[in-house]
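A short write-up of the structure that comes next.
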Amino acid sequence: NPKKILVPATASFAAGQSSVVVPITAVENTLVDGDVLASFTAANSAYLTSTNSITVADDDVPILTVLASTTLVLENAGPNAAIGFVSRNTPTNSPLTVTLTSSDSSRLAVPASVIIPAGSASAAFSIAAIDNTVADGSAQINITASFSGFISRPARLTVQDDDTPALTVSLNQGSIA
């Protein structure tokens, strides 16, 4: 199974040698796909063919990764300020409904959840910028996807404030000369 193990195409025996050590390398695929029994065969027309198997243990954990179409959002960009993408590294034979959250929903809003359809590894969603008319400076906001048993890798976006501080001057009319 070349998707799970790599073995050399050939192995050479020295004269009088009855065995040879062949390196077997497990292939890292970053997908949660379970342990797999992988087979390999040694064949030569002058000898009997030999097949052996090895169990390749899956070392991957379920991960939800969020990416965004941009990392900088203007506060006045509105309901489609950016597009978010959530992806999974697990089998796609069934849909997966993940919860979405913004670390500051007063600055960036996301839907409560998104469905990654069966047969797909990812889904898109809208990220909305909230214009609050307050000069509160730029802020870094994390967008996170979560589902029980998954590790979350959030997207970090910077919301650039579009408001300027107001300066108010009050004069006391009785003291103006």
Side-chain angles (χ1 to χ4, degrees), residues 1-73 80-105 108-128 140-159:
N1 187 344
K3 292 182 178 182
K4 293 296 179 182
I5 61 171
L6 297 175
V7 294
T10 62
S12 299
F13 289 79
Q17 192 176 11
S18 62
S19 66
V20 64
V21 174
V22 177
I24 299 172
T25 305
V27 175
E28 176 58 61
N29 64 3
T30 69
L31 298 174
V32 178
D33 49 6
D35 295 351
V36 174
L37 187 64
S39 298
F40 52 96
T41 302
N44 182 300
S45 60
Y47 298 95
L48 293 174
T49 298
S50 177
T51 299
N52 208 336
S53 298
I54 186 170
T55 299
V56 180
D58 189 2
D59 64 347
D60 299 303
V61 296
I63 298 173
L64 291 171
T65 302
V66 179
L67 299 172
S69 58
T70 184
T71 57
L72 178 65
V73 174
N80 295 309
I83 301 296
F85 305 92
V86 59
S87 62
R88 61 179 168 178
N89 68 337
T90 57
T92 62
N93 53 343
S94 61
L96 183 68
T97 302
V98 299
T99 302
L100 298 174
T101 55
S102 167
S103 62
D104 186 347
S105 59
L108 284 180
V110 294
S113 65
V114 66
I115 298 171
I116 302 175
S120 181
S122 64
F125 58 92
S126 293
I127 300 173
Q140 289 192 341
I141 313 295
N142 287 332
I143 305 298
T144 304
S146 58
F147 188 83
S148 180
F150 281 72
I151 293 172
S152 292
R153 291 190 177 151
R156 177 170 286 184
L157 288 79
T158 300
V159 177

Fill in: Leu72 side, atom CG; Thr158 side, atom OG1 - distance, nearest 0.5 Å
6.0 Å
Worksheet item: Can you tell if the side chain of Val73 reaches within under 4.5 Å of the side chain of Ile127, non-hydrogen atoms only?
Response: no
Worksheet entry | Rounded distance [0.5 Å steps], CZ in Phe13 versus CG in Asn44 | 8.5 Å
Worksheet item: Just by distance, do the side chain of Ser152 and the backbone of Ala145 share a donor-acceptor pair under 3.5 Å?
Response: yes
Worksheet item: Name the one of Thr49, Asn52, Thr51 that satisfies side-chain hydrogen bond (donor to acceptor under 3.5 Å, both in side chains) with Thr41?
Response: Thr51
Worksheet item: Measuring from Ile54:CD1 to Ser39:OG, what's the distance to the nearest 0.5 Å?
Response: 10.5 Å
Worksheet, complete the sentence: Between the OG1 atom in Thr65 and the CZ atom in Phe150, the distance rounded to the nearest 0.5 Å is 10.5 Å
Worksheet entry | Side chains of Pro154 and Val66 in contact at under 4.5 Å (non-hydrogen atoms) | no
Worksheet, complete the sentence: All heavy atoms of Ile116 vs all of Ala121, minimum pair found to be CG2-C, 3.8 Å
Discussion item. In the structure I gave you, are the side-chain heavy atoms of Val110 and Thr101 within less than 4.5 Å of one another anywhere?
Written reply: no
Worksheet item: Is there side-chain contact between Asn29 and Lys4, with at least one heavy-atom pair below 4.5 Å?
Response: yes
Item to complete: Kindly indicate whether the side chain of Glu28, heavy atoms from C-beta on, has any atom under 4.5 Å from the side chain of Asp59.
Response: yes
Report all side-chain donor-acceptor pairs from residues 81-93 shorter than 3.5 Å, counting only partners two or more places apart or in another chain.
residue	atom	partner	partner atom	Å
Arg88	NE	Ser120	O	3.2
Arg88	NH1	Ser94	O	3.1
Arg88	NH2	Ser94	O	3.1
Arg88	NH2	Pro117	O	3.2
Arg88	NH2	Ser120	O	2.9
Asn89	OD1	Ile63	N	2.8
Asn89	ND2	Thr30	O	3.1
Asn89	ND2	Val61	O	3.0

Worksheet item: Is atom CD1 of Ile24 surrounded by more than 12 heavy atoms (other residues, nucleotides or ligands) closer than 6.0 Å?
Response: yes
Fill in: Distance-minimising heavy-atom pair for Pro8 and Val22
CD-CG1, 3.4 Å
Discussion item. Working to the nearest 0.5 angstrom, can you tell me the gap between Thr144 OG1 and Arg156 CZ?
Written reply: 10.0 Å
Worksheet item: What pair of heavy atoms forms the shortest contact from Asp35 to Ala57, and how long is it?
Response: OD1-CA, 3.2 Å
Discussion item. Can you tell me how far apart CG (Leu31) and CG (Asp60) are? Round to the nearest 0.5 Å.
Written reply: 7.0 Å
Worksheet item: Should Thr71 and Leu157 count as side-chain neighbours, where that means a heavy-atom distance under 4.5 Å?
Response: no
Worksheet item: Can you find a heavy atom in the side chain of Leu96 that is under 4.5 Å from one in the side chain of Leu64?
Response: yes
